[in-house]
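Following: one structure in structure tokens, then a few remarks.
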Protein chains: 2
Amino acid sequence: MVANKPTIKDVARQAGVSIATVSRVMAKKANTYTPQTAQRVWDAAAKLGYQKNSAAAELATRSSDKIAVIVSNPPTNFSTGILDGMQQTALAHNHHIIILYAGNHSPQLLHQAIKDATAGPRAGILLIGSQIDPQSLKMLQDSQLPVRLVSNYSYELPLQFISSDNTELAAQSVEYLIKKGHRRIGLFGIDHSHTGLQRRAGYQKAMYEHHLPIEQDWIQYGNYSYEAGQTIMQYWADLKLSAVVAASDLVAMGIMRQAAQMGIKIPQDLSIVSIDGTFLCEVTDPQLTSVTQDFYQIGVNSVLDLLGNAPSELVPFKLVERGSVAEQPK
Amino acid sequence: MVANKPTIKDVARQAGVSIATVSRVMAKKANTYTPQTAQRVWDAAAKLGYQKNSAAAELATRSSDKIAVIVSNPPTNFSTGILDGMQQTALAHNHHIIILYAGNHSPQLLHQAIKDATAGPRAGILLIGSQIDPQSLKMLQDSQLPVRLVSNYSYELPLQFISSDNTELAAQSVEYLIKKGHRRIGLFGIDHSHTGLQRRAGYQKAMYEHHLPIEQDWIQYGNYSYEAGQTIMQYWADLKLSAVVAASDLVAMGIMRQAAQMGIKIPQDLSIVSIDGTFLCEVTDPQLTSVTQDFYQIGVNSVLDLLGNAPSELVPFKLVERGSVAEQPK
DNA sequence: CTGAAAGCGCTTACAG
DNA sequence: CTGAAAGCGCTTACAG
């Protein structure tokens, strides 16, 4: 025989006031009650173990303090930094984040997640690494909610975003390698999504600007995965590359592993700079030089932007030198 | 001038029926409407882009199809397998999971997450890797919701759970090492939580059963992290261990890295078996032999159990041999 | 400062 | 098979 959860009515009775008053003090509406009555309400609520039913509150106000963040299963696990940033920032602004999991790039699961996200009142929607197809876009727009793409973007989409600059990420990786004397530089592991294309563009731009030719097959596609890195690396000998920029830390690791099996020394025989810069870069031997994204800040800016402040689209990244790049004699 | 989101009333008007009828066909209440009226309702809903307001529905029914899963930031990233399993299973049973992020073992964030989880109607609560303190327990109990611990447990807590058997995880790692001829075996990286203690107990049990002494300092505490593995490994020389079981894949990696710096060869000088068996084990060189948990199944069973089926507490794991254990001449 | 009352968008006996 | 009506637990003008 379990007691039902106490409602605002129970608290009102216990405190000897009306439910309107309880509602006001729970919501801390300034200047609408005396300290005394507030205290009685607090006491009654505590005694009863009262907790506001958010479904009722959201229905009444037709609004919510919940930000739905949809995360598409990232092959590489950069998302926890982003989530940390979102979490902290949301809390600091009296908001909450609820995470909806959209699996690994299955449009179905993404649609499901968007549907869940828009099925009730929401402060807004944040999508981490999701591939937006036309139907997703329509659902998002129909919801009339503020939405932001996080960590990926396309200028062709009518959606705002918060991300590192993919083009520059790749371009600066190449610049760095060139500065170290490399000329035969490849790009391994990108896919054909906007992100992949943007990185490819950055790679090409940097090579062109330094009048370096790009031979066929220097750009190798994958899906940012460890396996892709391994597979692609098998063809390295034919490519005669002295350096490569890896599309993600995971592909960098795959490259290293395959290299080890082929007797190729990193960085003596092959230099690598990795895009992402997660903890994985410090775990390999040698450690991976990377262009590291500020995932935490991306998370912070996402919710700030969503909430109407700090409208910054691109967040800075930085190149951190570790041990996977060697100077190349010219 | 944006149209407001259509409600059940709009659909009713559009379809020329009452809102009660709309409600029934949207909920697919069998035998309560003709195919004709159903069709008209579907059409009206589609035309208007109607979507049920879940806050209103939950308020009316005082129930929900949402399972709140609280995830405490795991140092190691085993949780995506669990989440995948939960997701699939929930969907198959017409439920949804929403994830609440509880940061890295901050009681505050955990309380916040529990509060969020219990602030509205819920089908139940699943907690992945959370340290349950008395206040958390009380909040959970006050909610009167079904709750399950996932991937960690304590027989002292009045909470059901779904997890691998921590004691056996460690015991079988030790057994395996003994079978390979090792006698001086350590346990690195556990903490003082229930999980750590259970693994320690398993280690001790296996050693005792084989009449092997456990010298002081063979058990080294950490927090399942990469850094812990590195730090602990610095004292290895004094310990004269021929093998070690690592409390997580991450500590195993930390151990390997430190070993490399110290010129210690794996597995010739030191054998390692790692607890967890995530993809990280296949990424090192040599690959890590591990006692691998079936995270996906843990996720599946969690929701099945929560929903009232398949009440299995412990889910089987298996030892997978890779390259980090060498035969030890007796 | 406080209460009575209407309303948020649904669901579900109850009649018919 | 279908509709009118009450109710879910809140919030918020509106009076006083």
Side-chain angles (χ1 to χ4, degrees), chain A residues 3-42 44-45 48-66 94 115 118-122 143-144, chain B residues 3-42 44-45 48-66 94 115 118-122 143-144:
Chain A
N4 276 315
K5 293 192 72 172
T7 71
I8 198 175
K9 230 183 251 176
D10 301 307
V11 179
R13 189 179 314 122
Q14 174 76 221
V17 297
S18 72
I19 63 167
T21 296
V22 175
S23 177
R24 288 190 200 101
V25 352
M26 297 308 282
K28 298 191 205 290
K29 295 264 177 212
N31 302 114
T32 67
Y33 50 82
T34 64
Q36 290 67 224
T37 74
Q39 194 54 246
R40 285 168 52 203
V41 172
W42 297 130
L48 265 32
Y50 170 73
Q51 187 171 12
K52 189 189 293 187
N53 180 330
S54 67
E58 292 180 346
L59 179 58
T61 61
R62 268 145 288 139
S63 76
S64 169
D65 59 0
K66 298 196 182 82
N94 287 311
K115 199 171 155 191
T118 57
R122 291 285 116 92
S143 77
Q144 303 172 212
Chain B
N4 276 314
K5 292 191 72 171
T7 71
I8 198 175
K9 228 183 253 174
D10 301 308
V11 178
R13 189 179 314 121
Q14 174 76 221
V17 297
S18 72
I19 62 166
T21 295
V22 174
S23 178
R24 288 190 198 101
V25 352
M26 296 308 281
K28 298 192 205 290
K29 296 265 180 213
N31 301 113
T32 66
Y33 50 81
T34 63
Q36 289 68 223
T37 75
Q39 194 53 247
R40 284 166 53 201
V41 172
W42 297 130
L48 266 31
Y50 170 72
Q51 187 170 12
K52 188 189 292 185
N53 180 330
S54 67
E58 291 179 346
L59 178 58
T61 60
R62 270 146 287 140
S63 76
S64 169
D65 60 1
K66 297 195 181 82
N94 287 310
K115 199 171 156 194
T118 57
R122 290 284 116 93
S143 76
Q144 303 173 213

Base, sugar-phosphate, or nothing for Thr32(A), non-hydrogen atoms under 4.0 angstrom?
base

So Thr7(A) and Asn53(A), do their side chains get closer than 4.5 Å, heavy atoms only?
no

Residue whose nearest DNA chain C nucleotide is more 5′ - Thr7(B) or Gly16(A):
Gly16(A)

Does the side chain of Asp10(B) reach to within under 4.5 Å of the side chain of Tyr50(B), using non-hydrogen atoms?
no

Taking C-beta and beyond as the side chain, do Glu58(B) and Lys66(B) meet within less than 4.5 Å on heavy atoms?
yes

Checking Thr61(A) side chain against Ala57(A) main chain: does a donor-acceptor pair fall under 3.5 Å?
yes

Taking pairing as Watson-Crick or G-U wobble with both contacts under 3.5 Å, can you name the mate of dT2(C), or confirm there isn't one?
dA15(D)

Hydrogens and angles aside, do Gln51(A) and Thr118(B) bring a side-chain donor and acceptor to less than 3.5 Å of each other?
yes

Please check: side-chain N/O of Arg40(A) versus main-chain N/O of Ala15(A), any donor-acceptor pairing under 3.5 Å?
yes

Between Val17(B) and Val41(B), is there a side-chain heavy-atom distance shorter than 4.5 Å?
yes

Donor-acceptor check, side chain of Arg62(B) to backbone of Ala60(B), threshold 3.5 angstrom: yes or no?
yes

Nucleic acid contacts of residues 21-31 of chain A, taken as heavy-atom distances under 4.0 Å to DNA chain C
Thr21(A), Arg24(A), Asn31(A)

Heavy atoms under 4.0 Å, any strand shown: does Ala57(B) hit a base, just sugar-phosphate, or nothing?
sugar-phosphate

DNA chain D: 5'-proximal contact among Arg62(B) and Ser18(B) (nearest heavy atom)
Ser18(B)

Categorize Thr37(B) for me: base, sugar-phosphate, or nothing, with a 4.0 angstrom heavy-atom threshold over every strand shown.
sugar-phosphate

Need two values: the first and the last nucleotide of DNA chain C, 5' to 3', having an atom under 4.0 Å from any heavy-atom of chain A.
dC1(C) to dG9(C)

5'-most contact on DNA chain D: Ala38(B) or Leu59(B), nearest heavy atom basis?
Ala38(B)

